[in-house]
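Since this is a predicted model, take the numbers as computed values, not measurements.
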Amino acid sequence: MRLSRSSPSSKDDDIASTLYIPSTAVFLQEVLKLIFCVLKVSSTTSFSPSLTMASLLAALDPYEVLKLSVPSALYLIQNNLLYLALTKLDATTYQVTYQLKILTTALFSVLMIPSSRAAMTRQRWSGLLLLTLGVCLAQSSTGTGDESSAKATPKDRAVGMICVATASVTSGFAGVYFEMVLKGSKTDLWARNIQMGAPSVAIGLLGMLPSGASWWPWW
């Protein structure tokens, strides 16, 4: 994935030097996930068209879809931010920094799910603090990285770090939010994925409408 976001070394070939559009890749990911979930639901009905349609209509309840549009939008933003971060940062920095999502997930879990506070022992908080320290140490190291990242400007690194940090926050919040929706719900997990996938595809399509198929002017 990091290699696919690296600028080709050859500048003579216009086609070779053009990177793919991240918003299109994210949109296609959501489409494929939605298709897979629909096929999975259809398999539970022995691929009966009438039963599959009834299951899909039941899954696409407007209230439930609206409720899950929050994590859908956040995951979509997260995926776009991660593509941008991979363009600006080297693989090592990206991988280490993105582990901050563990910390943000723990924080949102404590804030949004009171029952999880007892599970967060002193040892676990210490582990999270060590993780944060490791991320800081990785950022202070300048001896790692690939050839393309070595040419990155401070502005590029700053943009990449902001994208990873924002993606970590959206990942933590969306994950805890989705867990709250699943708890106490008898709805099938695949139906929930369809409820998340439908708004993701719609929002992802909107991201492809502007010329250049991207909301981000620096891509």
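The two residues Ala167 and Leu82 have their closest heavy-atom pair at CB-CD2, 3.6 Å. Scanning all heavy atoms of the two residues, the minimum distance from Ala73 to Ile203 falls at CB-CD1, 3.8 Å. Between Gly204 and Phe27 the shortest heavy-atom distance is C-CD1, 3.7 Å. Across every non-hydrogen atom of Phe108 and Gly172, the tightest pair is CD1-C, 3.7 Å.
For the atom pair CG of Leu56 and OG of Ser42, the computed distance is 8.0 Å after rounding to the nearest 0.5 Å. Between Leu86 atom CG and Tyr94 atom OH the span is 4.5 Å, to the nearest 0.5 Å. With values rounded to the nearest 0.5 angstrom, Met161 atom CE is found 10.0 Å from Thr166 atom OG1. Taking CD1 of Ile194 as the start and CD1 of Ile35 as the end, the distance is 11.5 Å to the nearest 0.5 Å.
Residue pairs meeting the side-chain hydrogen bond (donor to acceptor under 3.5 Å, both in side chains) criterion with at least one partner in residues 193-208, sequence neighbours excluded, are Arg192-Gln195.
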For this session: Take Thr52 and Phe47 through the side-chain contact (heavy atoms from CB on, under 4.5 Å) test and state the conclusion after the steps.
Result: CA-CA 7 Å; Thr52 299; Phe47 296 98; 5.6 Å; no
Problem set entry | Evaluation steps, side-chain contact (heavy atoms from CB on, under 4.5 Å), between Tyr83 and Cys163 | CA-CA 9 Å; Tyr83 272 105; Cys163 289; over 6 Å; no
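Counting heavy atoms from C-beta outward, Asp90 and Arg157 have side chains that approach closer than 4.5 Å. Counting heavy atoms from C-beta on, the side chains of Val38 and Trp190 never come closer than 4.5 Å. Counting heavy atoms from C-beta on, the side chains of Tyr75 and Thr170 never come closer than 4.5 Å. At a threshold of 4.5 Å between non-hydrogen side-chain atoms, the residues Leu81 and Val164 do not count as touching. In this structure the side chain of Ser126 never reaches within 4.5 angstrom of the side chain of Gln123, judged on heavy atoms. A 4.5 Å side-chain heavy-atom check between Gln78 and Phe173 finds every atom pair outside the cut-off. Annotation: side chain of Glu64 is not in contact with side chain of Thr187 (no heavy-atom distance under 4.5 Å). Side-chain contact between Pro71 and Met196 is present, with heavy atoms from C-beta onward closer than 4.5 Å.
Here Lys33 pairs with Glu30 under the side-chain hydrogen bond (donor to acceptor under 3.5 Å, both in side chains) rule; sequence neighbours left out. Take Leu107 and apply the side chain to side chain contact (heavy atoms under 4.5 Å, CB included) test, not counting sequence neighbours, and it matches Leu103, Trp125.
Hydrophobic clustering, with ILVMFWY side chains joined whenever heavy atoms are under 4.5 angstrom apart, groups Leu34 together with Leu205. No single ILVMFWY cluster, assembled from side-chain heavy atoms under 4.5 Å apart, contains both Leu32 and Val26. Residues Leu129 and Val110 fall into different hydrophobic clusters, defined by Ile, Leu, Val, Met, Phe, Trp and Tyr side chains chained together at heavy-atom separations under 4.5 Å. Under a hydrophobic clustering in which Ile, Leu, Val, Met, Phe, Trp and Tyr are joined whenever their side-chain heavy atoms come within less than 4.5 Å, directly or via other members, Met180 and Leu74 fall into the same cluster. Residues Val65 and Leu68 are members of separate hydrophobic clusters, defined by side-chain heavy-atom contacts under 4.5 angstrom among Ile, Leu, Val, Met, Phe, Trp and Tyr.
Within 6.0 Å of the CE atom in Met53, the count of heavy atoms belonging to other residues, nucleotides or ligands does not exceed 12. For Tyr63, the OH atom counts as loosely surrounded, since its 6.0 Å shell holds 12 or fewer non-hydrogen atoms of other residues, nucleotides or ligands.
In this structure a side-chain-to-backbone donor-acceptor pair under 3.5 Å is present from Thr104 to Lys101. A donor-acceptor pair under 3.5 Å is formed between the side chain of Thr44 and the backbone N or O of Val41. No donor-acceptor pair closer than 3.5 Å links the side chain of Ser69 to the backbone N or O of Ser72.
In this structure, a donor-acceptor pair under 3.5 Å is present between the side chains of Ser116 and Ser109.
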